[in-house]
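A short write-up of the structure that comes next.
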Amino acid sequence: MLFPSLYERLERARWDFNSIDFSKIDRSKVDEHLIHEIKHVCLTEVGSIPATSMFMRDFSHDIDFQRFVSVWAFEEGKHSLVLEKWLNAVGVDIIEEEMAKVNITFETAPWIETLTMHFLGEQRLGLWYGAFAGIAPGAKENPIGEPVLRQILELMAQDEWRHAGCYFAFLKEAVETEPASLENIGKMTLWMLRGQYRHPTNITQPSIMEQLPDPGYFAPMIDRHVTPASMKVMEKRVLKCYELLAKEPIETQRDLAKFLRKKFGARSEEQLATLTLN
Ligand SMILES: [Fe+2]
Ligand SMILES: [Fe+2]
């Protein structure tokens with residue numbers, strides 16, 4: 001059972017709304033463009049609701065994971081709420097219909113690929129929010145100017161990195177139980193790394209992003225704040241995690257592809273190519 005220790009880890013780091021002083025918002029650093037982007041980040045966070053439904057529906061065989069998801073969903077709900085509070089404080093409301101639109105139904109999810117996709121997704125969100133807040137390694141050049149929002153995004157980035165750690169704990173357990181799952185974890189890891197904007201909210205059919213008023217908002221936002229150096233740091237961190245699972249040195253995407261071919265045969269790379277085309 002992983003849930004008891006993961007819960008403690010999350011509980012120890014838990015922040016509350018009282019630590020954020022919305023009266024300190026610097027209005028001179030807020031414009032329509034920033035409001036548009038933060039409204040979209042908030043709606044994207046609401047996308048954790050359909051993901052939670054999917055986890056609860058498709059992974060009922062794993063009560064340990066289900067118990068973790070109940071806390072994960074709580075923390076993600078906090079993320080959309082804290083951004084909504086910031087938007088309210090600058091005079092912007094999100095209407096309920098816009099939130100409800102995000103609540104789509106996902107296809108049945110394959111266990112190990114979904115876990116891997118979420119592990120990568122949380123790493124990437126940590127990177128993105130960390131860059132928006134100016135705390136991600138190698139991403140200090142161009143943070144968002146409004147200080148209260150920066151504080152919120154820093155808290156969110158740290159939560160997302162912790163979530164990645166929790167998903168990794170479940171991946172580790174999966175490999176210990178079934179070593180062959182290394183193949184699908186490796187293929188999904190490589191596929192996710194090969195597209196710099198890939199995230200669970202934009203790669204499914206239908207996707208969360210497609211439900212938003214401006215589905216393309218995130219790429220320019222990421223381009224503005226996230227540097228190639230910080231992307232490399234995230235990639236290194238992800239490959240280090242795979243190395244721990246594989247118990248072989250894996251430093252680059254090429255190393256991972258080579259490992260998959262050596263361990264699971266050429267088919268592994270072919271299937272990856274198919275996955276990329278879909
Ligand atoms: Fe979140
Ligand atoms: Fe998260």
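If you read the sequence from its start, that first residue is 1, and numbering goes on from there. Any value given below was found using the heavy atoms of this structure, including those in side chains, with hydrogens, waters and symmetry copies removed. Everything numeric in this text was worked out from a predicted model, so none of it was measured.
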ask   = Does R198 reach the main-chain N or O of W191 with its side chain, forming a donor-acceptor pair under 3.5 Å?
value = yes

note = For T189 and I185 the tightest heavy-atom approach is OG1-O, 2.6 Å

query = Is the shortest distance from a Lys or Arg side-chain nitrogen in R150 or E154 to a carboxylate oxygen in the other one below 4.0 Å?
reply = no

request  = Any chance you could measure M99, atom CE, to I49, atom CD1, to the nearest 0.5 Å?
outcome  = 9.5 Å

query = When you measure from the side chain of E183 to the backbone N and O of A180, does any donor-acceptor pair fall under 3.5 Å?
reply = no

message = Is the ring pair F59/H61 parallel, tilted or perpendicular, if the boundaries are 30 and 60 degrees?
response = perpendicular

ask   = OG1/T204 to CE/M117 distance, rounded to the nearest 0.5 angstrom?
value = 6.5 Å

query = Between the side chain of R67 and the main-chain N/O of Y7, is any donor-acceptor distance below 3.5 Å?
reply = no

Residue pair W15 / Q158, side-chain donor-acceptor N/O under 3.5 Å = no

query = So Y167 and F55, would you call those rings parallel, tilted or perpendicular, with 30° and 60° as cut-offs?
reply = tilted

task = Could you pull out all residues at least two apart from D26 that satisfy salt bridge (charged side-chain N to carboxylate O under 4.0 Å, His left out)?
result = K29

request  = Could you label the plane-to-plane angle of the Y217 and H40 rings as parallel, tilted or perpendicular, counting under 30° as parallel and over 60° as perpendicular?
outcome  = tilted

inquiry  = Classify the ring geometry of F170 against F68: parallel below 30°, tilted from 30° to 60°, perpendicular beyond 60°.
reply    = tilted

ask   = Distance-only, no hydrogens or angles: does the D159 side chain make a donor-acceptor pair with backbone N or O of E75 under 3.5 Å?
value = no

ask   = Applying the side-chain hydrogen bond (donor to acceptor under 3.5 Å, both in side chains) test to E235, which of K240, Q123, Q253 qualifies?
value = Q253

Test item: E84 and N88 side chains (from C-beta on) under 4.5 Å apart, heavy atoms = yes

inquiry  = Does E251 have more than 12 heavy atoms from other residues, nucleotides or ligands lying within 6.0 Å of its CD?
reply    = no

note = d(N184 CG, L171 CG) to nearest 0.5 Å is 11.5 Å

request  = Answer with yes or no whether the side chains of S19 and D16 bring together a donor and an acceptor at under 3.5 Å.
outcome  = no

ask   = Would you call T201 and F218 a side-chain contact if the rule is heavy atoms closer than 4.5 Å?
value = no

query = Taking C-beta and beyond as the side chain, do L260 and L182 meet within less than 4.5 Å on heavy atoms?
reply = no

ask   = Rounded to the nearest 0.5 Å, how far does CG of L125 lie from NE2 of H199?
value = 3.5 Å

request  = Could you tell me whether the side chain of M192 reaches within less than 4.5 Å of the side chain of T116, counting heavy atoms only?
outcome  = no

ask   = With a 4.5 Å heavy-atom cut-off, do L155 and V82 have their side chains touching?
value = no

note = Taken in chain and number order and not counting sequence neighbours, the residues that satisfy side chain to side chain contact (heavy atoms under 4.5 Å, CB included) with S48 are W72, E76

key: V148 vs D21 side-chain heavy atoms within contact, under 4.5 Å   = no

request  = Run the salt-bridge test on E45 and K78 with the 4.0 Å N-O cut-off and return the result as yes or no.
outcome  = no

query = Do the side chains of T44 and L212 get nearer than 4.5 Å, heavy atoms only?
reply = yes

ask   = Any chance CD of E96 has more than 12 other-residue heavy atoms, nucleotides or ligands included, within less than 6.0 Å?
value = no

query = Do the charged groups of E98 and K39 touch, with an N to O distance under 4.0 Å?
reply = yes

key: Test item: L115 and F65 side chains (from C-beta on) under 4.5 Å apart, heavy atoms   = yes

request  = Give the C-alpha distance, both sets of side-chain angles, the deciding distance and a yes or no for side chain to side chain donor-acceptor pair (under 3.5 Å) between E146 and W86.
outcome  = CA-CA 11 Å; E146 201 296 296; W86 182 87; 3.0 Å; yes

request  = May I ask you to say whether E176 pairs ionically with K172, meaning some side-chain N is under 4.0 Å from a carboxylate O?
outcome  = yes

